[in-house]
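What follows is a short report on a single structure.
We count ligands from 1, going down the list as the structure has it; atoms in each ligand are counted the same way.
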Amino acid sequence: MANILLFFFFCLAANDYRVDGTTLPISTTEEDEIKRHLNLINKPPIRSFQTEQGYIVDCIDIHKQPAFDHPFLKNHKLQRKPTFLERRKHAFYYVTNKTLDFVLEKFSCPKGYVPIRRTSKDDLINEIKTTSFAHHHLAQSFPGNHLVAMIMDNREDGYMGVNGHINVYQPKVRKYQMSIAQIAVQNGESNGINTILFGWQVSPQIYHNKLTHVFVLWTSDSFRTTGCYNMMCPGFIQIDPHFTIGLPIINLSTYEGPQFEISLSISQDSQTKNWWLVAQNRHIGYFPAALFSNLSTANRVGWGGRVSGVMKGQSPPMGSGHFPDGDLTHACFIRKISYVVSDGSTEEPVQDVPKLGGDNPQCYGLKYFGFLDPQNRFTLQFGGPGGSCAI
Ligand SMILES: *[C@@H]1O[C@H](CO)[C@@H](O)[C@H](O)[C@H]1NC(C)=O
Ligand SMILES: *[C@@H]1O[C@H](CO)[C@@H](O)[C@H](O)[C@H]1NC(C)=O
Ligand SMILES: *[C@@H]1O[C@H](CO)[C@@H](O)[C@H](O)[C@H]1NC(C)=O
């Protein structure tokens with residue numbers, strides 16, 4: 001079980017390197033590199049917005065996004081929508097009455113421009129430290145990293161997508177801690193892992209606040225030289241004029257109270273092989289196929305939670321902070337779990353039995369209910385209070 005998890009949510013090692021607040025120094029050369037990188041990823045905006053939480057969101061020419069600076073995307077032709085748009089409509093269910101309001105939806109960029117969260121120097125310093133950590137700690141279980149996941153990896157012909165409605169909470173974390181709920185696609189082994197993780201995340205280190213943010217994380221080489229959160233390096237191409245990666249979700253679920261969820265998909269276009277991110281039925285944007293070294297199909301898909309960072313001997317809460325107990329207003333859920341197979345059709349785990357795993361059952365749990373009921377369909381719950389965990 002531990003092996004499956006280690007490989008699957010591999011990037012768990014790549015995300016946090018600080019334990020009890022220790023930091024790595026930044027050299028002068030790195031300072032210069034930071035300035036150069038900031039100039040590369042922060043394009044001149046036609047208009048900018050300051051969000052209520054103090055972020056700056058820039059409206060950038062859709063053809064001049066950072067991704068187009070990527071050497072592999074020199075001749076990339078922008079795709080405004082995936083070719084599966086018509087075919088896969090049925091894949092997204094809309095039975096929930098609870099809608100989420102995203103902060104950015106108050107703003108709008110002019111036609112031909114897309115909103116991109118501006119990256120600050122601090123953001124980047126954290127990113128660089130995170131990456132250099134990843135270089136040294138690849139394939140190792142890292143103290144303070146814990147995860148629970150449900151994984152499917154038993155199809156010869158691979159997977160083309162993963163779907164689920166994730167319940168949105170705001171677990172209380174400390175400064176150098178992180179708590180995540182995610183879906184994932186992955187392919188490759190050891191140093192050649194290609195992966196895209198999509199979900200929500202609380203990480204004061206990355207966002208400079210304790211709010212819950214929509215995030216994406218990717219790599220094409222097990223985080224050795226490629227990959228980053230959100231749009232902090234060239235890679236992701238933003239298409240949606242409103243919904244921006246990295247912005248906070250303002251409506252949150254509470255224990256036994258109203259529940260808010262976000263429907264998420266990572267979905268491959270069978271013609272272009274690009275990987276699209278879909279949230280609340282909006283095609284936010286995509287990772288071009290050319291970015292990846294080995295992701296023409298995925299050999300694993302998964303759903304689950306992850307935390308990192310030990311502060312004063314305590315690991316942070318995951319999900320709602322409560323253990324799974326079958327009551328969907330208690331622990332964080334992922335419902336309407338499904339995946340896309342090689343012919344483009346969406347399937348549920350009716351016959352396939354997923355693998356379940358967690359590395360620290362006294363702190364975090366995962367419970368898979370299979371087919372729960374016609375409204376929730378295939379559902380799991382995960383999470384827990386954290387605290388003094390082993391490892
Ligand atoms: C959702 O809406 C339906 C139809 O309007 C209603 O019957 C149901 O009680 C609502 N569910 C919740 C949880 O509010
Ligand atoms: C690509 O991924 C597959 C599935 O994990 C693996 O079998 C294959 O060896 C990988 N290819 C390369 C070139 O790494
Ligand atoms: C979402 O949060 C906003 C801001 O707090 C609030 O005005 C709005 O009513 C909330 N929406 C729902 C459906 O509760």
Side-chain angles (χ1 to χ4, degrees), residues 1-15 70-74 76 84 131 134-142 145 147-164 182-199 216-228 233-236 265-277 286-304 306 337-347 349 351-359:
M1 203 60 87
N3 265 350
I4 298 164
L5 289 172
L6 190 61
F7 279 105
F8 181 69
F9 278 43
F10 185 83
C11 42
L12 82 160
N15 293 313
H70 194 289
F72 296 171
L73 304 179
K74 283 262 182 305
H76 181 74
F84 60 70
T131 312
H135 293 170
H136 297 117
H137 293 79
L138 229 50
Q140 286 174 28
S141 182
F142 183 61
N145 257 301
L147 71 155
V148 292
M150 177 167 108
I151 294 155
M152 299 197 61
D153 62 356
N154 46 7
R155 285 187 86 97
E156 281 277 294
D157 52 353
Y159 302 87
M160 287 176 57
V162 59
N163 311 309
Q182 63 191 6
I183 58 172
V185 295
Q186 188 176 94
N187 202 55
E189 313 296 335
S190 66
N191 277 345
I193 289 179
N194 286 245
T195 193
I196 301 170
L197 300 113
F198 187 27
V216 66
L217 176 64
W218 70 279
T219 182
S220 64
D221 65 351
S222 306
F223 296 99
R224 283 182 305 150
T225 60
T226 66
C228 59
C233 61
F236 184 70
S265 300
I266 307 170
S267 220
Q268 189 178 36
D269 185 325
S270 61
Q271 285 176 29
T272 61
K273 300 288 178 190
N274 298 333
W275 289 91
W276 282 80
L277 300 185
Y286 65 94
F287 290 102
L291 276 182
F292 298 100
S293 62
N294 191 2
L295 198 53
S296 58
T297 185
N299 67 348
R300 295 180 199 97
V301 292
W303 303 259
R306 180 160 58 88
I337 284 168
S338 64
Y339 48 87
V340 183
V341 296
S342 60
D343 67 2
S345 58
T346 299
E347 292 188 0
Q351 272 147 33
D352 293 330
V353 180
K355 293 168 180 158
L356 308 179
D359 63 10

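Remark: minimum distance from atom 3 (C) of ligand 2 to any protein heavy atom is reached at N294 ND2, 3.6 Å.
N191 and S222 form no side-chain donor-acceptor contact under 3.5 Å, judged by distance and modelled atom types alone. A donor-acceptor pair shorter than 3.5 Å cannot be found between the side chains of T219 and T195. Under the 3.5 Å distance criterion, with hydrogens and angles disregarded, a donor-acceptor pair is assigned to the side chains of N187 and N294.
Under the 4.0 Å distance rule, the nearest protein heavy atom to atom 11 (N) of ligand 2 falls inside the cut-off. Less than 4.0 angstrom separates atom 5 (O) of ligand 2 from at least one non-hydrogen atom of the protein.
Side chains of S265 and W276 form no contact here, defined as non-hydrogen atoms less than 4.5 Å apart. By the 4.5 Å heavy-atom criterion applied to side chains, W218 and T226 are counted as neighbours.
Residue E189 has at least one heavy-atom neighbour below 4.0 Å for each of these atoms of ligand 2: 5 (O). Close contacts between ligand 2 and G188 involve ligand atoms 2 (O), 4 (C), 5 (O) [criterion: under 4.0 Å to a heavy atom].
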